[in-house]
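Have a look at the structure below, then the notes.
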Amino acid sequence: MILQELNRYYERKAAEPDAAIPAYGSSVENISFALILDNNGELLNVEDLRLQEGKQLRPRKMVVPAAEKKASGIKPNFLWDSTSYVLGLDDKGKQERTDKCHEAFVQQLRTFCAFDDPGLKAILSFYDHDFRTITTLPNWTDICGANLVFRLSGTPGFIHDRAAARRAWEQCLGQREAATIGQCLVSGEDEQPLARLHPSIKGVRGAQSSGASIVSFNLPAFESYGKEQSINAPVSEKAAFNYATALNALLATDSRQKLVIGDTTVVFWAEC
C-alpha cells in the first residue's frame, strides 16, 4: 500500500543523523516576516525574512508548529499564522470573520502559553499594546496577508523554537488529537488517535494551491454505512503526518525525486 511505503520512507529519513525532514508535530511553511518584540511585548520592528530569487522576493521555508488544515473553518496555527489571525488585519474585506480568526489565535495563546518564559510572556503582552500602528509602516502592503512569526529582541532564533514554546505546543497538539481511537491501517498499531483530516499534499499539478487530499470523504455517498472518514479510513494522526510529510518533501520545488509527464506528477525513492 502506498501510504505504508510513504510512512516507511518518512521513518527512514527521520532516523538519519542529519535529518532535514520535519519532526512529528511540525511542518515546513512559507514565512515572510517576523515581529520583533521587547520583553514587555512592545513591537520594535518587523523583520523581512523573504529571500531574493531572481527579481522577486519569496517567502522563506521554515519549520514551524504543524499547520492546521483550515478549509473554510476558523483554525489558528500555533505561534505563527497570517496577518488575519496574528493581527486581525487583512485586505479581504470581511472584517467580522477576520476578528473571529484573530480572537481564536489569541485565545489559543492564552490557553497554552502561560509559561514562565520571556518569549511567551512577550507575545502575551504584545496583545495588551496597540499593535495596529503596524499599518503605518511603508511596507505594510507586503506584510498584509503574509505569514508571520515572533522573535524576542536580542535573542537568537524564533520564539516558536524555544523550549517552553515546544512544551506549550505539545499540550496544544495533545488536545487536538483527542479524537476517535482505533487501529491504524498503515502502522497496524491499536489504540491510536485517528486522523479526521489528513494533511494537505502540495505541489501536484492541477490541484489547489493550498493542497489536495489523498484520503477524503466529502460527500455522504462515499461513507460506508454513514461512518465518518476516521472510521472508513482509520489512519492514525502520526501515520497521516508521516506519509503526508514524506510526499510533500518528494514534491517540493527543489526535489530531485519527481518527474512531470504531461499533467501527471511522478515521485520516486529508493528502498534504502
Under the salt bridge (charged side-chain N to carboxylate O under 4.0 Å, His left out) criterion, do Glu11 and Arg8 qualify, and how do the steps go? CA-CA 5 Å; Glu11 290 177 340; Arg8 288 179 57 200; over 6 Å; no
Does [X] reach the side chain of [Y], with side-chain heavy atoms less than 4.5 Å apart?
X      : Y      : value
His129 : Leu43  : no
Phe150 : Val86  : yes
Thr180 : Arg196 : no
Asn30  : Lys61  : yes
Trp80  : Leu148 : no
Val235 : Leu185 : yes
Pro193 : Ile181 : yes
Leu87  : Phe131 : yes

Between [X] and [Y], what is the shortest heavy-atom contact and its length?
X      : Y      : result
Glu68  : Asn77  : N-OD1, 2.7 Å
Phe241 : Ser26  : CE1-O, 2.8 Å
Ala165 : Phe78  : O-CE2, 3.9 Å
Arg166 : Asp161 : NE-O, 3.3 Å
Ile201 : Val204 : CG2-CG2, 4.1 Å
Pro22  : Thr245 : CD-CG2, 3.7 Å

In Å, rounded to the nearest 0.5 Å, how long is the span from [atom1] of [X] to [atom2] of [Y]?
X      : Y      : atom1 : atom2 : value
Leu250 : Gln257 : CG    : CD    : 5.5 Å
Gln95  : Cys101 : CD    : SG    : 10.0 Å
Arg162 : Arg151 : CZ    : CZ    : 12.0 Å
Ser125 : Glu42  : OG    : CD    : 9.5 Å
Lys121 : Cys113 : NZ    : SG    : 13.0 Å
Ile261 : Arg205 : CD1   : CZ    : 11.0 Å

For residues [X] and [Y]: do they belong to one hydrophobic cluster (side chain heavy atoms under 4.5 Å, members Ile, Leu, Val, Met, Phe, Trp, Tyr)?
X      : Y      : answer
Phe105 : Ile143 : yes
Tyr243 : Ile2   : yes
Leu109 : Ile134 : yes
Leu35  : Leu137 : yes
Phe112 : Tyr85  : yes

Could you tell me whether the side chains of Glu29 and Ser27 share a donor-acceptor contact shorter than 3.5 Å?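 Present: a donor and an acceptor within the cut-off.
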So, Asn242 versus Asn7: side-chain donor-acceptor pair below 3.5 Å or not?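 Per modelled atom types, Asn242 and Asn7 side chains form a pair under 3.5 Å.
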Are the side chain of [X] and the backbone of [Y] linked by a donor-acceptor contact shorter than 3.5 Å?
X      : Y      : result
Lys258 : Ala252 : yes
Gln52  : Gly54  : yes
Asn45  : Glu47  : no
Asn147 : Ser32  : no
Arg60  : Leu49  : yes
Ser153 : Ile36  : no
Gln183 : Pro234 : no
Ser82  : Gly145 : no

Quick one: side-chain contact (heavy atoms from CB on, under 4.5 Å) partners of Ala122, sequence neighbours excluded?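 Result, side-chain contact (heavy atoms from CB on, under 4.5 Å) vs Ala122: Leu37, Leu152.
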Run the salt-bridge test on [X] and [Y] with the 4.0 Å N-O cut-off and return the result as yes or no.
X      : Y      : value
Glu103 : Lys100 : no
Arg50  : Asp142 : yes
Glu170 : Arg167 : no

Which residue pairs satisfy the ring-ring contact (aromatic ring centres under 6.0 Å, His included) criterion with at least one member in residues 245-272, sequence neighbours excluded?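 The answer is Tyr9-Trp269.
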Under the rule for ring pair (Phe, Tyr, Trp, His ring centres under 6.0 Å), what residues qualify as partners of Phe158, not counting sequence neighbours?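 Testing Phe158 for ring pair (Phe, Tyr, Trp, His ring centres under 6.0 Å), a comparison that skips the adjacent residues, returns His160.
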Relative to the ring of His102, is the ring of Tyr127 parallel (under 30°), tilted (30 to 60°) or perpendicular (over 60°)?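 If you compare the ring of Tyr127 with that of His102, the planes turn out tilted.
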